[in-house]
Amino acid sequence: MQWRALVLGLLLLRLGLHGALWLVFGLGPSMGFYQRFPLSFGFPRLAGPGGPAPGPADPPGGPAGPAWLRPGPGAAGRAARRRPGVCGPAHWGAVLGGRGGGPDEYERRYSGAFPPQLRARMRDLARGMFVFGYDNYMAHAFPQDELNPIDCGGRGPDRGDPSNLNINDVLGNYSLTLVDALDTLAIMGNASEFQKAVKLVINTVSFDKDSTVQVFEATIRVLGSLLSAHRIITDTKQPFGDMTIKDYDNELLHMAHDLAVRLLPAFQNTKTGIPYPRVNLKTGVPPDSNNETCTAGAGSLLVEFGMLSRLLGDSTFEWVARRAVKALWSLRSSGTGLLGNVVNIQTGHWVGKQSGLGAGLDSFYEYLLKSYILFGEKEDLDMFNAAYHSIQSYLRRGREACNEGEGDPPLYVNVDMFSGRLMNTWMDSLQAFFPGLQVLIGDVEDAICLHAFYYAIWKRYGALPERYNWQLQAPDVFFYPLRPELVESTYLLYQATKNPFYLHVGMDILQSLEKYTKVKCGYATLHHVIDKSKEDRMESFFLSETCKYLYLLFDEENPVHKAGTRYMFTTEGHVVSVDRHLREAPWKEFFPEEPGRAAGSLHRPAAPGLRALNSSSNCNRVPDERRYSLPLKSVYMRQIDQMVGLI
């Protein structure tokens, strides 16, 4: 308890000093980042990019405001490993305690036992949330793609306005919400409904549609779900209960293959190998197709395409997806190692030079790591390590340790990919996935601190605004479409730490969703996180991700947890078993490096026929001399590799 008292004493001393400065000179940090916080994150309203130049009294390099507004330290400054901090109850008391409550109040509210009865109640509430949304979709919207939960109807593509990409990129007239929710039914142990839903998909869903969809969205929501459900059905161990389908003949795998073939034209006639952003499922790439695509959209296809290739024994799909990743990787800045967020697929020129962790880049980083976890290709890990080093060097601002030292808590900002200079002062809600990714590589301390930032915003609004300006302490874009990223990171942090704090976070999120988004026939998008006005849309990821992660957070006995590190989640939240067969690429025996293939060519050896490789065997450890190293703690990655026999 001595260290806790010392930390508390230092915090109170610093608070007193800031208060005195604020009262006498008006120099203290803003005390109102979150009205119920005893301490703020210290966001003075200073001039951001393009603002007034530093005055004569300012130190060289700019005003002495938050460290987030100052240039990053660069690669050399991050070369030394950060000292481990102690992000325990005292830290959370300082950051998240009630007004005047301090660490003792935090411990009373958050660090006490989370009773089993309360956990069971929250688990049932999360399951009820899914059931309410799913049942209303089936009653009022199926076979259309999405549910309009306010009007109790359904919606599909906007045929009257092809330019309405917000709708048409996602909705392909293929019962999207039903397909996307399949593995959530299995994880919740609802075998009868899972079997019924699979039969409905097999009997009613077709991809022979005149629909122009985004390749990325169709891949992660539809292709990924079909593959996940197929593996659940064919798993000989059946950990979620009896999810087998009588007379099942790999129909979902056939459907996944059919969809992927319809997406392949996106990879043709592109000089860089980076795919077009959209295809028509009947006719291929539209004649007026845009030559610009985002990095995440083009570079986050490898998990699903790679799974399909390895289940079929056909290299085509993994090859085109991997080629796109390598093409993007080759275009990164030679100085910073960073990538931009929008690129021209024909010229390779960066149209959007912003580098960050949110929209346009988020899942690119995620899939570098998850591709390695699934397939064991060292080049994926090498790329991830290099990318993570650049992120730490140029995007991470603030003090070195989570709760030690002077300055502001760590935050990841948006910078110019070539110079590393700050481009703006906002973050978007998609960035909340990053603490969960940090958990997977064992950088738990940084994940804890970053998660606190997003949770503080949630506590302020009861939701996470799509874009939040951390300098102005206000949303820039006000809507919240029921996104799962904060829930996902909360779930993974609880699995890593077993700190009941994250159960309380999950309960807060669950109760906010029930209070602010539940409507007559489902859960609705918040149009405005402050006045809580709503939009009549329930996106499919609410059932496939948000409800799933909330349920798993409170369901300690779920087979996903009993299996240890055997399962991984895709960027759409689809569960994937990690086993030896996905680390086998049978074509490598004949084409070990596949040299000399032109970027625009898709010629391949004939596929050996549509067949399913048995991927449900257990994983015995095989002695091997291979080793790898991560820049930070790698205990979780090492456990994964031990399981699949890489080390």
If you measure only the distance, is there a donor-acceptor pair under 3.5 Å linking the side chains of [X] and [Y]?
{"X": "Tyr455", "Y": "Asp508", "result": "yes"}
{"X": "Glu572", "Y": "Ser544", "result": "yes"}
{"X": "Ser300", "Y": "Ser363", "result": "yes"}
{"X": "Tyr549", "Y": "Glu485", "result": "no"}
{"X": "Tyr137", "Y": "Asn148", "result": "no"}
{"X": "Ser577", "Y": "Arg566", "result": "no"}
{"X": "Tyr388", "Y": "Asp443", "result": "yes"}
{"X": "Arg221", "Y": "Ser540", "result": "yes"}

Can you sort out the partners of Cys521 under disulfide (SG to SG under 2.5 Å), two or more places apart, ordered by chain and number?
-> Cys152
Looking at Asn190, Thr184, Leu178, Leu147, which one forms a side chain to side chain contact (heavy atoms under 4.5 Å, CB included) with Tyr134?
-> Leu178
Where do [X] and [Y] come nearest, in terms of heavy atoms and distance?
{"X": "Ser175", "Y": "Phe142", "answer": "OG-CE1, 3.6 Å"}
{"X": "Tyr523", "Y": "Gly133", "answer": "CE1-N, 4.4 Å"}
{"X": "Val529", "Y": "Ala463", "answer": "CG1-CB, 4.0 Å"}
{"X": "Leu361", "Y": "Ala296", "answer": "N-CB, 3.7 Å"}
{"X": "Arg397", "Y": "Val413", "answer": "CG-CG2, 3.8 Å"}
{"X": "Asp183", "Y": "Val575", "answer": "OD2-N, 3.0 Å"}

Indicate, with yes or no, if the rings of His527 and Phe479 have centres closer together than 6.0 Å.
->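 No; Phe479 has its ring centre 6.0 Å or more from that of His527.
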Answer with yes or no after comparing the ring centroid distance for Tyr480 and Trp458 against a 6.0 Å cut-off, counting only values under it.
->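 Aromatic pair counts; centres sit under 6.0 Å.
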Suppose we screen for side chain to side chain contact (heavy atoms under 4.5 Å, CB included). Which residues come up paired with [X], at least two apart in sequence or across chains?
{"X": "Ala447", "answer": "Pro435, Gln438, Val439, Leu493"}
{"X": "Tyr516", "answer": "Ser512, Leu526, Lys532"}
{"X": "Asp476", "answer": "Trp426, Arg467, Asn469"}
{"X": "Leu165", "answer": "Asp169, Arg278"}

What's the spacing between [X] [atom1] and [Y] [atom2] if we round to 0.5 Å?
{"X": "Cys547", "Y": "Met129", "atom1": "SG", "atom2": "CE", "answer": "6.0 Å"}
{"X": "Thr517", "Y": "Leu513", "atom1": "OG1", "atom2": "CG", "answer": "4.5 Å"}
{"X": "Ile220", "Y": "Gln214", "atom1": "CD1", "atom2": "CD", "answer": "8.5 Å"}
{"X": "Leu369", "Y": "Phe364", "atom1": "CG", "atom2": "CZ", "answer": "12.5 Å"}
{"X": "Glu366", "Y": "Leu437", "atom1": "CD", "atom2": "CG", "answer": "6.5 Å"}
{"X": "Leu553", "Y": "Tyr502", "atom1": "CG", "atom2": "OH", "answer": "11.5 Å"}

In terms of the angle between their ring planes, are Phe114 and His504 parallel, tilted or perpendicular, with boundaries placed at 30° and 60°?
-> perpendicular
Do Val222 and Asp180 come close enough that some side-chain heavy atom pair is under 4.5 Å?
-> no
Under the side chain to side chain donor-acceptor pair (under 3.5 Å) test, which residues partner Arg123, sequence neighbours left out?
->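 So Arg123 forms no side chain to side chain donor-acceptor pair (under 3.5 Å) with any residue.
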cation_pi(Lys548, Phe130) dist<6.0 Å, angle<=45 =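 Output no; distance or angle outside limits.
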When you check the gap from the basic side-chain N to the acidic O, do Glu556 and Arg119 get nearer than 4.0 Å?
-> yes
Is any side-chain N of the basic residue among Asp124 and Arg127 closer than 4.0 Å to the acidic one's carboxylate O?
-> yes
Stepwise, does the side chain to side chain contact (heavy atoms under 4.5 Å, CB included) test hold for Glu466 with Arg483?
-> CA-CA 9 Å; Glu466 189 71 356; Arg483 290 202 188 278; 2.8 Å; yes
Can you tell me if NZ on Lys515 sees more than 12 non-hydrogen neighbours from other groups inside 6.0 Å?
-> no
Hey, is the main chain of His574 close enough, under 3.5 Å, to the side chain of Thr570 for a donor-acceptor pair?
->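 Indeed, once roles are kept as given, a pair shorter than 3.5 Å links the two residues.
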CA sep, side-chain torsions, deciding dist, call: Tyr412, Ile391, side chain to side chain contact (heavy atoms under 4.5 Å, CB included) | CA-CA 8 Å; Tyr412 292 82; Ile391 289 168; 3.7 Å; yes
Show the numbers, then the answer: is there a side chain to side chain contact (heavy atoms under 4.5 Å, CB included) between Thr425 and Leu472?
-> CA-CA 8 Å; Thr425 59; Leu472 301 179; 5.5 Å; no
Arg396 vs Asp446, salt bridge (Lys or Arg N to Asp or Glu O under 4.0 Å): CA-CA, chis, key distance, verdict = CA-CA 10 Å; Arg396 189 183 189 274; Asp446 217 43; 2.8 Å; yes
